[in-house]
Amino acid sequence: MTWHEAMQLAMEEAAQAAVNGDVPVGAVLLDSGGALVAQNHNRREVNHDPTAHAEVLVLREAAARAGGWRVAGATLVVTLEPCAMCAGATVLARIARLVIGTLDPKSGAVVSLYQLTQDVRLNHQVDVITGVLQKETSEQLRAFFRERRIKTK
């Protein structure tokens with residue numbers, strides 16, 4: 001599966017989050033050969049769980065399938081730049097590559113506010129690729145928040 005195909009799948013997941021009233025973020029995990037391992041979306045509202053971010057849910061599923069917490073060699077594809085929690089989980093899981101749709105200047109911890117996945121003080125660094133379907137992933141988020149503002153007026 002290409003990164004563009006994986007990002008499109010992550011965007012489909014993100015759309016499911018929006019249906020449930022959650023911020024539309026979707027994530028997909030590919031193994032070292034590019035095969036789909038896991039996919040999910042934000043479920044904070046449904047699960048009543050502040051840690052139920054798409055990235056964390058995908059990493060949990062992948063680790064369970066692998067039978068261990070390391071997901072070495074995998075590529076995590078996510079529609080929005082991960083927060084500090086998710087960036088940290090990505091490093092801890094030993095993810096090889098992180099592919100991001102759009103950056104998050106308010107809470108992104110990979111490029112925008114912090115660079116946790118590249119911090120040489122940590123025992124693992126993650127290769128980062130940004131801007132895959134950036135226009136589409138950005139618009140998906142903008143549309144969600146635009147609609148939300150209209151509903152609250």
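In this text, all values refer to a predicted model and were calculated from it rather than measured experimentally.
- Side-chain atoms of His41 and Val25, non-hydrogen and from C-beta on, never get closer than 4.5 Å to each other.
- Rounded to the nearest 0.5 Å, atoms CG (Asp31) and CE (Met1) are 10.5 Å apart.
- Placement of Val77 and Ile129 within a single hydrophobic cluster is found when ILVMFWY residues are connected by side-chain heavy-atom separations under 4.5 Å, directly or transitively.
- Residues Leu133 and His4 form a side-chain contact, since some pair of their non-hydrogen atoms from C-beta on lies under 4.5 Å apart.
- Here the CG-CG distance, from Leu122 to Leu92, works out to 8.0 Å after rounding to the nearest 0.5 Å.
- With Glu55 contributing its side chain and Ala87 its backbone, the two residues share no donor-acceptor pair below 3.5 Å.
- Electrostatic pairing of Arg65 and Glu61 counts as a salt bridge here, judged by a charged N lying under 4.0 Å from a carboxylate O.
- The minimum heavy-atom distance linking Gly26 with Ala14 is given by the pair N-CB, 3.5 Å.
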Exercise for review: Decide yes or no on side chain to side chain contact (heavy atoms under 4.5 Å, CB included) for Ile100 and Val128, but give the supporting numbers first.
Suggested key: CA-CA 8 Å; Ile100 300 169; Val128 176; 4.0 Å; yes
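- The CH2 atom of Trp3 sits 5.0 Å away from the CZ atom of Arg97 when rounded to the nearest 0.5 Å.
- Residues satisfying the side-chain hydrogen bond (donor to acceptor under 3.5 Å, both in side chains) test with Gln118, not counting sequence neighbours, are none.
- Put simply, Leu76 and Val132 are part of two different groups of oily side chains (I, L, V, M, F, W, Y) that touch within less than 4.5 Å, one to the next.
- By the 4.5 Å heavy-atom criterion applied to side chains, Thr117 and Gln125 are not counted as neighbours.
- In this structure, Leu59 and Trp69 have side chains that are not in contact, with every pair of non-hydrogen atoms separated by 4.5 Å or more.
- The side chain to side chain contact (heavy atoms under 4.5 Å, CB included) with Val110 is formed by just one residue from the set Asp104, Leu98, Val126; it is Leu98.
- If you take OG1 on Thr51 and CZ on Arg43, they are separated by 13.0 Å, rounding to the nearest 0.5 Å.
- Between Cys83 and Ala109, the closest heavy-atom pair is C-CB, 3.5 Å.
- Leu29 places none of its side-chain heavy atoms less than 4.5 Å from the side chain of Thr75.
- Applying the salt bridge (charged side-chain N to carboxylate O under 4.0 Å, His left out) rule to Arg70 yields no partners; only residues at least two apart in sequence or on another chain are considered.
- Within the 4.5 Å cutoff, the side chain of Pro24 has no heavy atoms near those of the Asn42 side chain.
- When atom types are taken as modelled, the side chain of His124 and the backbone of Ile95 share a donor-acceptor pair closer than 3.5 angstrom.
- Considering only heavy atoms from C-beta on, Val71 stays 4.5 Å or farther from Arg94 through its side chain.
- A salt bridge links Asp119 with Arg121; the closest basic N to acidic carboxylate O contact falls under 4.0 Å.
- Side-chain atoms of Glu139 never come within 3.5 Å of backbone atoms of Lys135 as a donor-acceptor pair (strictly under, hydrogens ignored).
- For residues 4-23, the set of pairs meeting the salt bridge (Lys or Arg N to Asp or Glu O under 4.0 Å) definition, not counting sequence neighbours, comprises Asp22-Arg44.
- In terms of heavy-atom proximity, Val58 sits nearest to Ala27 at CG2-O, 3.5 Å.
- Using modelled atom types, no side-chain atom of Asn47 and backbone atom of Asp49 make a donor-acceptor pair closer than 3.5 Å.
- From Leu116, atom CG reaches atom SG of Cys86 across 11.0 Å, with rounding to the nearest 0.5 Å.
- A distance of 10.0 Å separates OH of Tyr114 from OG of Ser107, quoted to the nearest 0.5 Å.
- In the hydrophobic clustering of this structure, Val37 groups with Val78; members are Ile, Leu, Val, Met, Phe, Trp, Tyr whose side-chain heavy atoms approach within less than 4.5 Å, directly or through other members.
- Between Gln134 and Thr102, the shortest heavy-atom distance links the atoms NE2-OG1, 3.4 Å.
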Check your understanding: Is there a side-chain hydrogen bond (donor to acceptor under 3.5 Å, both in side chains) between Thr137 and Arg142 once you walk through the steps?
Key -> CA-CA 9 Å; Thr137 54; Arg142 272 199 286 278; over 6 Å; no
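- In summary, the side chains of Ser112 and Glu81 do present a donor paired with an acceptor at a separation below 3.5 Å, with no hydrogens or angles considered.
- A pairwise comparison of heavy atoms in Phe144 and Val23 identifies CE2-CA, 3.9 Å as the closest pair.
- In this structure, the side chains of Leu103 and Thr130 come closer than 4.5 Å at one or more pairs of heavy atoms.
- Formation of a donor-acceptor pair under 3.5 Å by the Gln39 side chain with backbone atoms of Leu36 is not found in this model.
- Under a hydrophobic-cluster definition in which Ile, Leu, Val, Met, Phe, Trp and Tyr are linked whenever side-chain heavy atoms come within less than 4.5 Å, directly or via other members, Leu113 and Val111 are assigned to different clusters.
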